[in-house]
Amino acid sequence: MANAEHGGGAGGAFGTGAAGTAQARLKVARVALWLIVAVLAVRQVAAVLSTPKADRLTDLETWVGSDGVLHVKGSLYDSTQFTGTPFGGLVLKPLTRAAEQALGWGWTFGTLLLVVALGVVAARALPTPVTRRTSLLAAPVAISLLMLSLPVRNTLHLGQTSIIPVLLVLLGCFVAREERAAGALIGLAAALQPTVLLFAPLLWFTGRRRAAVSAGVTFAACTALAWVAMADDSYTYWVHHLGGTGLGGAADDLANQSLHGALLRLGFEGPLEIGLFLVLGAGVAVLGLRRAVRYAQDGQLLLAVAITGCAAVAVSPTTWQHQLLWVLLAVVGRVGKRASDRYMWPVAVIIVMTLPAKMVIPNVGALYPVRDNVVLLAAVAAATVVPFLSRASEHYRSPVRTDYAPPVPARFRRVPLMPFLRRVLTRPNLLLELMLIRVTYAAYQKVRLAASGGTTTGGRSTAEAHGHQIHDIEKFLHIDIEHWVNHTVVEIGWMRNFFDFYYESFHFFVPLAVLGVLYWRRPVDYRWARASLGFTTLLGLVGFWLYPLAPPRLMPGLGIVDTVNGVQDFSKPDYGTLTALTNQYAAMPSLHFGWSLWCGLVIAIVAPKWWMKALGLLHPFFTVSAIVATGNHWVLDAVGGAAVVLAGFGLSYLFMGPRARAVVRVAESGGERSEAVQDGALK
């Protein structure tokens, strides 16, 4: 790519060929990304149109439908259903004459066009200089992220107008060349979403004072026009509702990701809550504007716009989900001196803005305040504390390079299939790893549940039929020992307690402990082991999907005692204490045994002493005993678990090559030290 972008003189035939290959790959990547954009657009339209008529474009229908508030004589805010400004209502009134169906189609496709325009403008606003590859790929990547984001999906579903203010601000900052026109666009956006007026100080302190004045004048003129045309509504909105507070739902609703909503959810009320909101809001606004001005003067105007928008999200009395698009723009900021740390911030922003909060934060009571306000926390962090790099920093364009282990020769010529997935010597970013582990596990839970048809008890008859098949195969092979083992353990109290405890406690603890030790002591092996575990889990999910299987404890007539959950009432469709949590018919393959076998093999491979290896291999032995003794798995489930583990290691070898056994460099506070690793043992 360097030759393709900067190549001047003689590159020779080889250089020309390399440049041509790079150009061809870039063209293929660009076409593929635009195809993804098209697929996402079709998917969004299909999602809207497949929603029952009564449940789609509900806000739009509330406003401009046959019985919408814009038709009704009197105040727009009598029902609190209309959440826009009086000027917004004035602009939308002409749309009430449009046919309902045509308006719905036009609104949906018009919103998609706005998203495309927003992505193109954002891509063109990246701080210069940018490589040719970045300039060609930025637009489809930006549009794809916008399509996947919760604010855009929410906007399309509800029929909201929240994309328009964001687009107007970007047009004013990056497209309009004349300052008064730029300010007018931003002022118009503020007339639709009042906290956008926070961009006027940004313009003023960055030297665009005519634009700042124009923004203020335009906002005032639009608001005054609404006062003249709709005096009662304007009084209700600006005075009675304090700029929209209380419209569209309770201010303490989880969808309100503002400081005001967060304080109410935390239990603050009355004058204390108002005082805290004003103090915190003023602090976020001042800090955010100072940082935005600094980054704008540094040549990162898009980041400055994102920071200002994040501050506006926090200080608005109500900021509903469809108004949170500013946070996604903060993905352009660069954080971290090391190349391996560069992905942490953008991945965190994308996760927060595209996934439900329950998938991001574990379902633990102590973390509910974080989970309920995760987008707000991201906005406040972007506005006030995230240490975005200055373009003057030596690490902005040249981060500390990642060190890679020398590749290990493979026995097969085409291995690895993905040679660019080289073994990194240093530890990955810890926060990024924790986020990915959490999101991956949440996705695993959802896919596991979906394998039963989306319900915890779905597919019962099929799962029981498969259970009879497995039982018949085991009887043919003379390995149907589940009943004997289960009843033997039930009669021995201490053994039953031991296996119940082992089954419930070690399934997650041991794999996490192994990953933690590898992360801290053996970074190269950590990445290899993590990839193998990921492939194993993915194959296990495929098994759950293709072959739902009832475990022995849920097979009527077999006589297996559920030692963990107690006696089951098979006459009830939701028997079992875990049926409200997960798919009860995901027995084949047994990931309970599979993960334990993964732990045992990893320990046996990397542990330096023989007794450590032996201790590691005891874990899968105790696990297979526990899953059979407690009635939770068939013997063949363990065989399936072993198969997906071996396949997981095989796929890791196929895609990434053999495990690196070279010099491992571990970063320490006092410098760096090197430990030679040969054949899995520290030397």
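Both backbone and side-chain heavy atoms feed into the values below; hydrogens, waters and symmetry mates do not.
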Inset, instruction - Considering non-hydrogen atoms only, spot the tightest contact between Leu376 and Ala262 and give its length. - result: CD2-CB, 3.5 Å
Inset, instruction - Hey, could you give me the CG/CE distance between Leu432 and Met435, rounded to the nearest 0.5 Å? - result: 5.0 Å
Legend entry - N/O donor-acceptor pair under 3.5 Å between Trp598 side chain and Ala529 backbone: yes
Inset, instruction - Could you tell me whether a side-chain N or O of Asp562 sits under 3.5 Å from a main-chain N or O of Arg553, the two making a donor and an acceptor? - result: no
Legend entry - Qualifying residues under side-chain contact (heavy atoms from CB on, under 4.5 Å), relative to Asp480, sequence neighbours excluded: His471, Glu474, Lys475, Glu482
Inset, instruction - Answer whether the closest heavy-atom distance between the side chains of Leu145 and Ile350 falls below 4.5 Å. - result: yes
Legend entry - Which residues share a ring pair (Phe, Tyr, Trp, His ring centres under 6.0 Å) with Tyr368, sequence neighbours left out: none
Legend entry - Heavy-atom pair of closest approach, residues Ala607 and Met612: CB-CB, 3.7 Å
Inset, instruction - Without swapping roles, check the side chain of Asn256 against the backbone of Asp252 for a donor-acceptor pair under 3.5 Å. - result: no
Legend entry - Test item: Pro387 and Val335 side chains (from C-beta on) under 4.5 Å apart, heavy atoms: yes
Inset, instruction - Go through the structure and list residues passing salt bridge (charged side-chain N to carboxylate O under 4.0 Å, His left out) with Arg530, not counting sequence neighbours. - result: Glu433
Legend entry - Gap between atom OH of Tyr441 and atom CG of Leu512 - 0.5 Å precision: 9.5 Å
Inset, instruction - With the side chain counted from C-beta on, respond yes when Val360 and Arg371 share a heavy-atom pair under 4.5 Å apart, and no when they do not. - result: no
Legend entry - Contact check, side chains of Pro151 and Leu328, non-hydrogen atoms, under 4.5 Å: no
Legend entry - Closest approach of Leu254 to Gln257 (non-hydrogen atoms, all atoms of both residues): O-NE2, 2.9 Å
Inset, instruction - Not counting sequence neighbours, which residues clear side-chain contact (heavy atoms from CB on, under 4.5 Å) with Ala339? List them please. - result: Pro399, Thr402
Legend entry - Short side-chain to backbone donor-acceptor contact, Trp345 and Ala330, under 3.5 Å: yes
Inset, instruction - Grab the two heavy atoms, one from Gly543 and one from Pro589, that are nearest each other, plus how far apart they are. - result: CA-CD, 3.9 Å
Legend entry - Nearest-0.5 Å distance that lies between atom CG in Leu150 and atom CE in Met353: 6.5 Å
Legend entry - Expected output: side-chain Thr319 to main-chain Val313 donor-acceptor under 3.5 Å: yes
Inset, instruction - Ignoring hydrogens and angles, tell me if any N or O in the side chain of Tyr519 forms a donor-acceptor pair with the backbone of Pro428 under 3.5 Å. - result: yes
Inset, instruction - Assess whether atom CZ of Phe621 is packed by more than 12 heavy atoms of other residues, nucleotides or ligands within 6.0 Å. - result: no
Legend entry - Atom pair CG (Leu597) and OG1 (Thr623), whose distance is rounded to the nearest 0.5 Å: 9.5 Å
Legend entry - Asn486 side-chain N/O to Ala629 backbone N/O, donor-acceptor pair under 3.5 Å: yes
Legend entry - Residue pair Asn154 / Gln321: nearest heavy atoms and the distance that separates them: ND2-OE1, 3.0 Å
Inset, instruction - Using a 4.5 Å cut-off on heavy atoms from C-beta on, say whether the side chain of Leu436 contacts that of Ile351. - result: yes
Inset, instruction - Can you measure from CG (Leu533) to OH (Tyr526) and round to the nearest 0.5 angstrom? - result: 9.5 Å
Inset, instruction - State yes or no: are the ring centers of Phe622 and Phe498 separated by less than 6.0 Å? - result: yes
Inset, instruction - Taking the side chain as every heavy atom from C-beta outward, state whether Leu591 and Phe544 have any pair of such atoms under 4.5 Å apart. - result: yes
Inset, instruction - Name all pairs fulfilling the ring pair (Phe, Tyr, Trp, His ring centres under 6.0 Å) condition that reach into residues 473-492, sequence neighbours left out, sorted by first residue then second. - result: His483-His487
Legend entry - Contacts of type salt bridge (charged side-chain N to carboxylate O under 4.0 Å, His left out), residue Lys609, not counting sequence neighbours: none
Legend entry - Evaluation steps, side-chain contact (heavy atoms from CB on, under 4.5 Å), between Phe509 and Val514: CA-CA 9 Å; Phe509 170 73; Val514 171; over 6 Å; no
Legend entry - Partners meeting salt bridge (charged side-chain N to carboxylate O under 4.0 Å, His left out) with Asp500 (sequence neighbours left out): Arg496
Legend entry - Glu273: partners by side-chain contact (heavy atoms from CB on, under 4.5 Å), with sequence neighbours left out: His260, Leu263, Leu264, Phe268, Phe277
Inset, instruction - Any chance you could lay out the side-chain contact (heavy atoms from CB on, under 4.5 Å) test for Val352 and Val327, step after step, and finish with the verdict? - result: CA-CA 9 Å; Val352 167; Val327 182; 5.6 Å; no
Would you give me the side-chain donor-acceptor pairs under 3.5 Å for residues 637-651, sequence neighbours excluded?
{"unit_1": "Asp637", "atom_1": "OD2", "unit_2": "His633", "atom_2": "ND1", "d": "3.2"}
{"unit_1": "Asp637", "atom_1": "OD2", "unit_2": "Trp634", "atom_2": "N", "d": "2.8"}

Inset, instruction - State which residues pass side-chain contact (heavy atoms from CB on, under 4.5 Å) with His466; sequence neighbours excluded, sorted by chain then number. - result: Thr462, Gln469, Tyr547, Pro548, Leu549
Inset, instruction - Please check if the distance between the ring centroids of His592 and Phe506 is under 6.0 Å. - result: no
Legend entry - Side-chain donor/acceptor of Gln44 to backbone N/O of Met147, under 3.5 Å: yes
Inset, instruction - Under the side chain to side chain donor-acceptor pair (under 3.5 Å) rule, what do Trp595 and Thr537 come out as? Steps first, then yes or no, please. - result: CA-CA 8 Å; Trp595 287 359; Thr537 305; 3.2 Å; yes
Inset, instruction - Show your reasoning for whether side-chain contact (heavy atoms from CB on, under 4.5 Å) applies to Phe499 and Thr563. - result: CA-CA 9 Å; Phe499 282 124; Thr563 64; over 6 Å; no
Legend entry - Those residues that, when tested against Tyr343, pass ring pair (Phe, Tyr, Trp, His ring centres under 6.0 Å) (two or more places apart): none
Legend entry - Under 3.5 Å donor-acceptor, Arg342 side chain and Gly336 backbone: yes
Legend entry - Inter- and intrachain pairs under side chain to side chain donor-acceptor pair (under 3.5 Å), touching residues 505-517, at least two apart: none
Inset, instruction - Work out which heavy atom in Met495 is nearest to a heavy atom in Val489; give both atom names and the distance. - result: SD-CG2, 3.8 Å
Legend entry - Atom pair CE (Met555) and CD1 (Ile470), whose distance is rounded to the nearest 0.5 Å: 10.0 Å
Inset, instruction - For His322 and Leu158, indicate whether the former's side chain and the latter's backbone hold a donor-acceptor pair under 3.5 Å. - result: no
Inset, instruction - Evaluate the criterion ring pair (Phe, Tyr, Trp, His ring centres under 6.0 Å) for residue pair Phe535 and Phe655; output intermediate values, then yes/no. - result: CA-CA 11 Å; Phe535 285 127; Phe655 289 119; 5.7 Å; yes
Legend entry - Ile560 side chain near Leu554 side chain, heavy-atom distance below 4.5 Å: no
Inset, instruction - Go through the steps for Ile603 and Leu615 under the test side-chain contact (heavy atoms from CB on, under 4.5 Å), then give the verdict. - result: CA-CA 9 Å; Ile603 294 173; Leu615 190 63; over 6 Å; no
